[in-house]
Amino acid sequence: MPAAGLSGRIARRIRAEGPLSVAAFMAMALHDPQDGYYRRRHPIGADGDFVTAPEISQIFGELIGLWCADLWRRMGAPDPVLAVELGPGRGTLMADFLRAAATVPDFRRALRLYLVEASPVLRAAQAERLGEAVFADDLDGVPDGPLLLVANEFLDALPVRQFVRGAAGWAERLVAVDERDRLVFVDGAENALAASWIPAALRGSPPGTVVETCSAAAALAGGIAARLMRHPGAALLIDYGHAAPTPGATLAAIRRHRHTDLLAAPGHADLSAHVDFAAIRAAAEREGAECYGPVPQGEFLARLGAGARLAALCAKAPPERRESLALGLRRLIDPREMGTLFKALALVSPGLPAPAGFGDQVTEPR
Ligand code: SAH
């Protein structure tokens with residue numbers, strides 16, 4: 001007998017239809033309408049499963065708000081302008097963003113806030129903090145127009161496929177069931193179609209190499225870029241991942257801040273994988289958008305003036321708060337913590353000046 005709950009339903013589906021791709025498994029584990037991880041759990045924070053940058057330091061969302069205000073001016077200050085966040089979590093980034101945006105009153109007045117969020121639990125939390133927000137299930141549900149889009153730790157939650165290099169070619173790694181109805185990984189047959197998914201730079205990898213691909217992330221980047229071709233705007237995508245195609249299985253299950261078995265308890269652990277920024281860049285450039293980065297998160301925040309912002313906050317804070325403010329920012333910037341693994345990539349409408357934080361031509365936002 002298959003187990004009860006989501007495990008059991010996945011096992012029954014595999015018995016009926018055959019093994020699932022890792023991406024199909026991941027989509028069910030995260031988004032099953034009854035028992036998916038994001039349907040039921042409140043994942044983020046010390047009492048959840050993982051902690052994200054905006055939960056660590058208010059400076060993160062504030063600097064992103066000012067980064068957008070700076071770009072908005074260079075876009076010609078369109079009013080209204082859509083401010084879109086993908087996967088806003090507890091709404092913390094956007095709350096900090098809006099507070100910083102309020103220092104540029106005409107920018108703040110022009111903002112029309114759209115949140116793309118799958119989780120009903122998190123939507124409720126976001127609605128409470130961001131009363132003006134309009135919700136959408138995906139980017140297609142957001143109207144077209146001048147755009148400032150932000151996504152932090154969203155792309156890593158999109159389903160990835162895994163491919164394995166065999167003796168003679170590439171095979172897809174699949175999720176099957178064993179004789180006791182437990183979920184197990186198996187490798188499919190080597191075939192030319194599987195090989196066609198592998199980035200050219202990795203196709204010649206030695207036997208045993210695993211490669212992950214995320215067509216949902218590439219499709220999303222293409223969709224954002226297409227919007228940026230119709231209206232002026234920019235998107236800031238921040239996540240953990242690689243700047244260049246890199247082999248290796250990175251899909252991981254996290255529960256209560258610890259790694260756990262990928263297949264043991266679908267729906268009870270967060271699943272995420274390293275983002276392939278090269279693939280995202282390529283998909284956006286194919287549509288004609290200009291791309292900046294990815295640059296390491298630490299460098300990006302430092303260039304935006306994180307140090308000065310910390311000093312200003314500390315000057316106003318009671319002494320006992322100062323250390324935690326400094327520690328929070330250090331976690332985001334230190335290369336041994338989130339400073340290097342996490343990266344920022346900007347997609348920008350052609351013809352706009354280079355956005356702040358990505359290089360030498362930078363104009364610092366004020
Ligand atoms: N950006 C937040 C939360 C990151 S967790 C932060 O930095 O704290 C990932 C977020 O994306 C959650 O809000 C989750 O519910 C949402 N999410 C994941 N997959 C999604 C999908 N396919 N469509 C819409 N939202 C999704």
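Remember, it's 1-based here, ligands and their atoms both numbered in the order they're listed.
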* Asked: When you measure from atom 1 (N) of ligand 1 to each heavy atom in Gly91, Gly89, Gly87, Ser119, which option holds the nearest one?
  ->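 Selected option, by shortest heavy-atom distance: Gly87.
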* Do any N or O atoms from the side chain of Arg123 and from the backbone of Glu117 form a donor-acceptor pair under 3.5 angstrom? ->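 Yes; at least one donor-acceptor contact below 3.5 Å.
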* Name the one of Arg336, Arg331, Arg330 that satisfies salt bridge (Lys or Arg N to Asp or Glu O under 4.0 Å) with Asp334? -> Arg336
* Do the charged groups of Asp106 and Arg109 touch, with an N to O distance under 4.0 Å? -> no
* Asked: Is a salt bridge present between Asp144 and Arg227, judged by a nitrogen-to-oxygen distance below 4.0 Å?
  -> yes
For ligand 1 and [X], I'd like to know whether there is a polar contact (N/O to N/O, distance under 3.5 Å).
X	value
Gln126	no
Phe154	no
Asn152	yes

* **Centroid-centroid distance, Phe163 to Trp170, less than 6.0 Å** =>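 Phe163 vs Trp170: aromatic centres not under 6.0 Å.
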* Please write down residue, atom name and distance for the protein heavy atom closest to atom 15 (O) of ligand 1. =>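 Looking at atom 15 (O) of ligand 1, the protein heavy atom closest to it is Glu117 OE2, 2.5 Å.
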* Residue, atom name and distance, where the atom is the protein heavy atom closest to atom 8 (O) of ligand 1 ->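 Answer, as residue, atom name and distance: Thr52 OG1, 2.5 Å.
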* Taking non-hydrogen atoms only, is His31 closer than 4.0 angstrom to ligand 1 via side chain, backbone, both or neither? ->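 Contact part for His31 vs ligand 1: side chain (C-beta onward).
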